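All values derive from a computational prediction rather than experimental measurement. Reckoned from all heavy atoms, side chains included, excluding hydrogens, waters and symmetry mates. Per chain, numbering begins at 1; letters A, B, ... match sequence-line order.
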Amino acid sequence: MRRVQLYDTMSRETRLFQPRFPPRVGMFVCGLTPYDEPHLGHGRFAVVFDVVARALRHWGYRVFYVQNVTNLDDKVIRRASELGADPLELSAQHFRTWRRIQAAMNIESVDLYPFATDYVPEIREQIAELERRGFAYRADDGSVYYDIRRFPAYGRLSGQKIESLRAGARIEVDRRKRSPEDFVLWKAATPGEPSWESPWGPGRPGWHIEDTAITGRLLGPQYDLHGGGLDLIFPHHEAEIAQAEGASGLSPLVQYWMHNGLLMMSGEKMSKSLGNVASLESALEKFGAMPLRFYYLNAHYRSPLDFTPGESLEAAREAYDRLRAPYARIVAASHSASPSGEELSETLVAESGRIVGEIDDDLADDFRTREAVAKLFVWSRKVFELEDRFSRLSVGALETLAAPYEWAESVLGLFADVDAGAGTSLDPVVRAAIAARGRARTRGDFAEADRIRDELAAAGIRLEDGSDGTRWSLEAPRGAG
RNA sequence: GCCAAGGUGGCAGAAUGGUUAAUGCGACGGACUGCAGAUCCGUUUCUUGGGGGUUCGAUUCCCUCCCUUGGCUCCA
């Protein structure tokens, strides 16, 4: 099995990846609370863990990737009541948007999107188990709390000590809790809000319990990989550990904790509560899915990523176009290539193989996507140098040129937009227009030539004159395509 | 206050105890072009937050200070 290293938040070091039962990998990522439109920060975690799953599968692991959906919590309820909507319908609606966006972004690696409210029996069962084992207590109002004092390891993931949490003045004083740090497992019902029956009276799940109930059911009491945003480490993931390990008596809950860095907007974290969000969907419409993926993968997943409106995605689009163009031309040329065409030099063949090996190594070293991208750019320069020969190259030679891009296509999920253009049914039509323009140019009628070019441009077809004739391409697909 | 992450050229953003610190965007000049675009060639800019230490040698290791961000409240 491929040697893979990844950084584990718990041990704070890069460790060799060893799933419990290779080649199977149980992977869980904290998904959204869909009470509003997703923003650019959400796109980051989605792409990051999509690449993790893709890469592991590429290396032969059989990954079962679960991304939960917190379809009911305080925020969903609050927003729904503001809108006069049903909370579960509201979150279902926003989840559909999320799924649509993920599909548009070429994210198909998630096997299951479990809804919190579909796991109420498992949640009740886990709370009951925690109660039996003495980790939970009932409050007077019918809520159930986790008793943090019973779980000494609480704080290990985040490096926090319970005593120092006390100093944080922001913990609300709540008379119902034994310790201020205790968190709610089962929230007593409020009239008008969704609730379920339970041994403790009607209520609904607390925020943290759904994840461990879901993973307990789907991945077992112990599994391999848990991912999420850096901002979830405390208290959310800390609480997950306390719940799962408390209920099962088994430790550790997960072998590897992966956390992605946050998207920053003018020096601050982009978040709904700060109101400094940029809509993911409109970025997708304006720039297209591939430039967006490129933008995320152009940084290491653990680093903070600075987003500058009117700049970051524009630059990403330019850069991505440069990466995509040579591959698109290889693909176009291969439509009409023959097996007996020219071959590449041995040096180039070797280099193609070497680059694929290197970028594969980069990914296996804690997913250094930026390194892989930089090497693809170097390769692109070499490919462009051969461009004049494309039409004469053999099928095999073109495949060799395409190999690094194909690797990126399957592991990084880039270049899903490459096939559009030459070779499609539009080709004969566009060629006729190009020929007409060519005649106009020959006789010096540049006004007519430019008119033809402009009209095609208006239809999204771009012409470029080169030494070997005129080439055409479709504008990069936009929106959900 | 406590915990954690980060400070690299105009911008984004890599990397390494040791030749000229990637890559891309941008800018400038040149080639090519009827023009445009793309491409190619060249140029542009960082002595890697400040200070100290370890070392033959540090951007990379250690200490300290400053600054930024995140977490301690919902949050990818």
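- In this structure, A:Arg441 does not reach the B:U33 phosphate: none of its side-chain N or O atoms is under 4.0 Å from OP1 or OP2.
- Where A:Tyr7 and A:Ala374 each meet RNA chain B at their nearest nucleotide, the meeting point lying more 5' is that of A:Tyr7.
- Looking at heavy-atom distances under 4.0 Å, A:Glu464 makes contact with a base.
- Remark: A:Glu281 engages A:Arg100 in a salt bridge, criterion side-chain N to carboxylate O under 4.0 Å.
- Comparing the P positions of B:A27 and B:U33 gives an interatomic distance of 23 Å, to the nearest angstrom.
- Contact check on A:Asp365 versus A:Arg368 returns a salt bridge, with a Lys/Arg side-chain nitrogen under 4.0 Å from an Asp/Glu carboxylate oxygen.
- When the C1' atom of B:C35 is taken as reference, atom CG of A:Leu463 falls 13 Å away, rounded to whole Å.
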| Which letter, B, S or -, goes with each nucleotide of nucleotides 11-16 of chain B from 5' to 3', with contact meaning a protein heavy atom under 4.0 Å? | SBSSSS
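- In this structure, the CD atom of A:Glu385 is 11 Å from the C1' atom of B:C41, given to the nearest Å.
- As a whole-Å value, the separation of A:Arg317 CZ from B:A38 P is 13 Å.
- Toward the 5' end of RNA chain B, the nearer of the two residues A:His39 and A:Ser158, judged by each one's closest nucleotide, is A:Ser158.
- Of the side-chain N and O atoms in A:Arg381, one or more sit less than 4.0 angstrom from OP1 or OP2 of B:G24.
- Of the C1' atoms belonging to B:A22 and B:A5, the separation is 23 Å, rounded to the nearest Å.
- Among A:Asp445, A:Asp465, A:Thr442, the single residue meeting the side chain to side chain donor-acceptor pair (under 3.5 Å) criterion with A:Arg437 is A:Asp465.
- Put simply, CG on A:Leu412 is 17 Å from P on B:G24, counting in whole angstrom units.
- Among the heavy atoms of the strands, none lies under 4.0 Å from A:Arg443.
- One interatomic measurement links the two molecules: CG of A:Asn276 to P of B:U69, which rounds to 12 Å at whole-angstrom precision.
- The residue A:Leu262 sits close to a base: some heavy atom pair falls under 4.0 Å.
- Straight-line distance between the C1' atoms of B:G24 and B:A14: roughly 11 Å, to the nearest whole Å.
- Remark: A:Lys269 is in phosphate contact with B:G71, judged by side-chain N or O atoms under 4.0 Å from OP1 or OP2.
- Using a 4.0 Å heavy-atom criterion, one finds that A:Arg437 contacts the bases of the nucleic acid, with or without backbone contacts as well.
- Taking atom CZ of residue A:Phe294 and atom P of nucleotide B:C25, one finds them 8 Å apart after rounding to whole Å.
- For A:Phe377, the side-chain atoms get nearest to B:G24 when compared with the rest of B:U39, B:G24, B:A36.
- Of the residues in residues 43-56 of chain A, those lying under 4.0 Å from RNA chain B by heavy-atom distance are A:Phe45.
- Between A:Leu225 and A:Tyr223 the shortest heavy-atom distance is O-CE1, 3.4 Å.
- Look at the P atom in both B:U64 and B:G1: the space between them is 16 Å, to the nearest Å.
- To the nearest whole angstrom, the two P atoms, one in B:G49 and one in B:C3, are 24 Å apart.
- Listed nucleotides: B:A36, B:A76, B:C72. Nearest to the side chain of A:Leu263: B:A76.
- No hydrogens or angles were tested; on distance alone, nothing pairs the side chain of A:Arg302 with the base of B:A5 as donor and acceptor under 3.5 Å.
- Where pairing requires Watson-Crick or G-U contacts shorter than 3.5 Å, the helical stems of RNA chain B with at least three consecutive pairs are B:1-7 with B:66-72, B:10-12 with B:23-25, B:26-31 with B:39-44, B:49-53 with B:61-65.
- Counting heavy atoms from C-beta on, the side chains of A:His237 and A:Cys30 come closer than 4.5 Å.
- For B:C40, the OP1/OP2 oxygens have a side-chain nitrogen or oxygen of A:Arg322 closer than 4.0 Å.
- Spacing between atom CG of A:Leu230 and atom C1' of B:G70 amounts to 6 Å, rounded to whole angstrom units.
- Remark: A:Arg329 is not positioned above the aromatic ring of A:Phe390, lacking an NZ or CZ atom under 6.0 angstrom from the ring centre and at most 45 degrees off the axis.
- Comparing B:G70 with B:A58, their P atoms are spaced 35 Å from each other, to the whole Å.
- Within the 4.0 angstrom heavy-atom criterion, only backbone atoms of the sugar-phosphate kind lie near A:Met264; the bases stay farther away.
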Side chains of residues 303-316 of chain A: which donor-acceptor partners sit under 3.5 Å, not counting sequence neighbours?
{"residue": "A:Ser312", "atom": "OG", "partner": "A:Thr308", "partner atom": "N", "Å": "2.7"}
{"residue": "A:Ser312", "atom": "OG", "partner": "A:Thr308", "partner atom": "O", "Å": "3.4"}
{"residue": "A:Glu314", "atom": "OE1", "partner": "A:Glu311", "partner atom": "N", "Å": "2.9"}

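- Exactly one residue among A:Asp360, A:Val378, A:Val356 makes a side chain to side chain contact (heavy atoms under 4.5 Å, CB included) with A:Pro404. That residue is A:Val356.
- Counted by atom type alone, A:Glu210 and A:Thr70 present one or more donor-acceptor pairs between their side chains at under 3.5 Å.
- Annotation: B:U45 and B:G10 have their C1' atoms spaced 8 Å apart (nearest Å).
- Taking only distance into account, the side chain of A:Asp73 never meets the base of B:C74 through a donor-acceptor pair shorter than 3.5 Å.
- Nucleotides B:U59 and B:U48 are separated by 5 Å at their C1' atoms, to the nearest Å.
- Contact annotation for A:Gly228: backbone-only contact, meaning every heavy-atom pair under 4.0 Å involves sugar-phosphate atoms and none involves a base.
- Distance from the side chain of A:Asp450 is smallest for B:G34 among the nucleotides B:A76, B:C25, B:G34.
- Checking A:Glu240 against A:Trp257 by side-chain atom types alone, no donor-acceptor pair falls below 3.5 Å.
- Taking all atoms of both residues into account, the shortest heavy-atom contact from A:Leu297 to A:Val373 is O-CG2, 4.2 Å.
- Spacing between atom CD1 of A:Ile461 and atom P of B:A36 amounts to 23 Å, rounded to whole angstrom units.
- Scanning atom types as modelled, no donor and acceptor separated by under 3.5 angstrom connect the side chain of A:Arg78 and the base of B:C74.
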Listed pairs under 3.5 Å, donor-acceptor, residues 104-113 of chain A side chains, sequence neighbours left out:
{"residue": "A:Asn106", "atom": "OD1", "partner": "A:Arg54", "partner atom": "NH2", "Å": "3.3"}
{"residue": "A:Ser109", "atom": "OG", "partner": "A:Asp50", "partner atom": "OD1", "Å": "2.5"}
{"residue": "A:Asp111", "atom": "OD2", "partner": "A:Arg57", "partner atom": "NH2", "Å": "2.9"}
{"residue": "A:Asp111", "atom": "OD2", "partner": "A:Tyr65", "partner atom": "N", "Å": "2.7"}
{"residue": "A:Tyr113", "atom": "OH", "partner": "A:Gln102", "partner atom": "OE1", "Å": "2.3"}

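- Take A:Tyr327 and apply the ring pair (Phe, Tyr, Trp, His ring centres under 6.0 Å) test, not counting sequence neighbours, and it matches A:Tyr405, A:Phe415.
- A salt bridge does not link A:Arg451 with A:Asp454: none of the charged nitrogens is closer than 4.0 Å to a carboxylate oxygen.
- Contact of the A:Tyr296 side chain with the A:Asn260 side chain is not registered, since no non-hydrogen atoms from C-beta on lie closer than 4.5 Å.
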